[in-house]
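Numbers for residues simply follow the sequence, beginning at 1.
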Amino acid sequence: MEEQVIGDKNVFAVGFSFHDKQHVTELSMYVRGKNILAFNRAAEDMTTCWNLDELAEWLRAFLNGMQQDPYPVEVAGRFAAEKDVNARTYDTDDMEAFDAYYDALDDWNARHRWHTASAGAILADVYFQSKGDTVEISWNNQDAPDEIKFQEQIGGTAVPKDVFVKVVDAFLQAYAEYWF
């Protein structure tokens with residue numbers, strides 16, 4: 001199946017094609033003209049391609065529960081992905097404070113970072129955060145295995161919330177209609 005694209009690749013879009021009876025879906029996410037899911041493996045340019053049922057479920061939960069939810073600690077960084085890198089240097093001898101700090105980060109990440117829903121897919125580490133009338137999309141692929149080189153290493157941008165909701169919802173509807 002040829003890639004279908006929902007949205008405007010120069011603003012925000014999701015590209016997808018469905019492949020077999022095991023729910024294998026090839027997925028692209030375009031932000032400001034770049035596919036942030038694109039990577040190179042064994043000298044071949046690729047994008048995420050896997051059974052994405054768990055990822056679709058995570059995206060639906062994010063979309064349905066989207067609210068203002070700032071990053072849980074004060075730390076330097078323009079985007080959530082940068083903040084998360086910088087926040088991971090925290091250390092203290094107070095085990096209760098240490099546990100509370102990292103529990104807060106982990107809880108926030110469960111709501112805003114889709115990586116836990118990859119189900120084994122080669123998937124860019126992407127964060128989503130509602131901020132006013134925009135959704136911040138940021139990524140950090142610096143820790144990918146050596147054999148995988150994501151085209152977009154670390155960065156982020158904000159897209160209009162109404163565009164994000166419309167595009168993601170349309171993709172999730174197409175996904176559900178095709179596979180279920």
Side-chain angles (χ1 to χ4, degrees), residues 1-19 24-52 54-56 58-63 66 68-69 71 76-86 109 111-119 121-178:
M1 171 185 244
E2 189 172 314
E3 181 183 55
Q4 298 178 56
V5 177
I6 299 171
D8 178 348
K9 289 182 180 182
N10 292 313
V11 179
F12 175 70
V14 172
F16 59 95
S17 58
F18 303 122
H19 290 280
V24 172
T25 302
E26 188 169 316
L27 184 67
S28 301
M29 183 171 283
Y30 300 97
V31 179
R32 308 283 183 229
K34 299 176 183 177
N35 176 8
I36 62 171
L37 307 184
F39 61 92
N40 184 284
R41 180 179 182 193
E44 183 179 349
D45 289 333
M46 307 173 90
T47 192
T48 297
C49 189
W50 201 254
N51 176 323
L52 300 178
E54 190 176 338
L55 185 69
W58 186 94
L59 273 171
R60 177 55 70 196
F62 176 77
L63 202 62
M66 193 169 30
Q68 303 299 314
D69 185 14
Y71 195 76
R78 295 174 298 155
F79 304 107
E82 291 175 344
K83 290 177 182 179
D84 204 48
V85 169
N86 294 333
N109 274 288
R111 293 187 304 276
H112 297 276
R113 182 179 171 214
W114 75 1
H115 195 71
T116 58
S118 68
I122 298 172
L123 182 66
D125 197 358
V126 182
Y127 301 71
F128 302 90
Q129 183 179 3
S130 177
K131 289 184 164 186
D133 61 353
T134 65
V135 172
E136 176 191 287
I137 302 170
S138 61
W139 52 91
N140 176 7
N141 298 308
Q142 295 176 320
D143 292 333
D146 291 340
E147 68 274 8
I148 297 166
K149 175 79 171 165
F150 280 92
Q151 291 175 9
E152 300 301 319
Q153 288 294 299
I154 190 164
T157 192
V159 299
K161 186 182 286 184
D162 60 334
V163 170
F164 178 85
V165 169
K166 181 180 176 182
V167 167
V168 172
D169 187 57
F171 163 69
L172 293 172
Q173 286 181 25
Y175 189 91
E177 286 173 14
Y178 189 87

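Panel note: side chain His112, backbone Phe128; a donor-acceptor pair is recorded below 3.5 Å. No donor-acceptor pair closer than 3.5 Å links the side chain of Ser130 to the backbone N or O of Val135. Between the Arg32 side chain and the Ala158 main chain, a donor and an acceptor come within less than 3.5 Å of each other. The closest donor-acceptor contact from the side chain of Asn141 to the backbone of Glu152 lies under 3.5 Å. A donor-acceptor pair is defined here as one N or O able to donate and one able to accept, closer than 3.5 Å; no such pair exists between the side chain of Gln151 and the backbone of Asn35.
In this structure, Thr134 OG1 and Gln129 CD are separated by 9.0 Å, a value rounded to the nearest 0.5 Å. Between Thr116 atom OG1 and Arg111 atom CZ the span is 12.0 Å, to the nearest 0.5 Å. A distance of 8.5 Å separates CD1 of Ile36 from OG of Ser138, quoted to the nearest 0.5 Å. If you take CG on Leu63 and CZ on Phe171, they are separated by 12.0 Å, rounding to the nearest 0.5 Å. The distance from the CG atom of Leu55 to the CH2 atom of Trp114 is 5.0 Å, given to the nearest 0.5 Å. Rounding to the nearest 0.5 angstrom, the gap separating the CH2 atom in Trp139 from the CZ atom in Arg113 is 15.5 Å.
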List the atom pairs, donor and acceptor, that lie under 3.5 Å between side-chain atoms in residues 7-16 and the rest of the protein, sequence neighbours left out.
| unit_1 | atom_1 | unit_2 | atom_2 | d |
| --- | --- | --- | --- | --- |
| Asp8 | OD1 | Asn10 | N | 2.9 |

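Nearest heavy atoms, Trp50 versus Ala119: NE1-O, 2.8 Å. The two residues Lys161 and Gly132 have their closest heavy-atom pair at NZ-O, 2.8 Å. Across every non-hydrogen atom of Ser17 and Glu2, the tightest pair is CB-O, 3.9 Å. Of all heavy-atom pairs between Val167 and Ile6, the closest is CG1-O, 3.5 Å. Of all heavy-atom pairs between Thr25 and Phe18, the closest is OG1-CD2, 3.4 Å. The two residues His115 and Ala124 have their closest heavy-atom pair at ND1-O, 4.4 Å.
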Side chain to side chain donor-acceptor pair (under 3.5 Å) assessment of Asp84 paired with Asn109: CA-CA 9 Å; Asp84 204 48; Asn109 274 288; 3.1 Å; yes
side-chain contact (heavy atoms from CB on, under 4.5 Å) between Asp125 and Asp143, intermediate numbers included: CA-CA 9 Å; Asp125 197 358; Asp143 292 333; over 6 Å; no
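In this structure, Lys131 places its NZ atom where more than 12 heavy-atom neighbours from other residues, nucleotides or ligands lie under 6.0 Å away.
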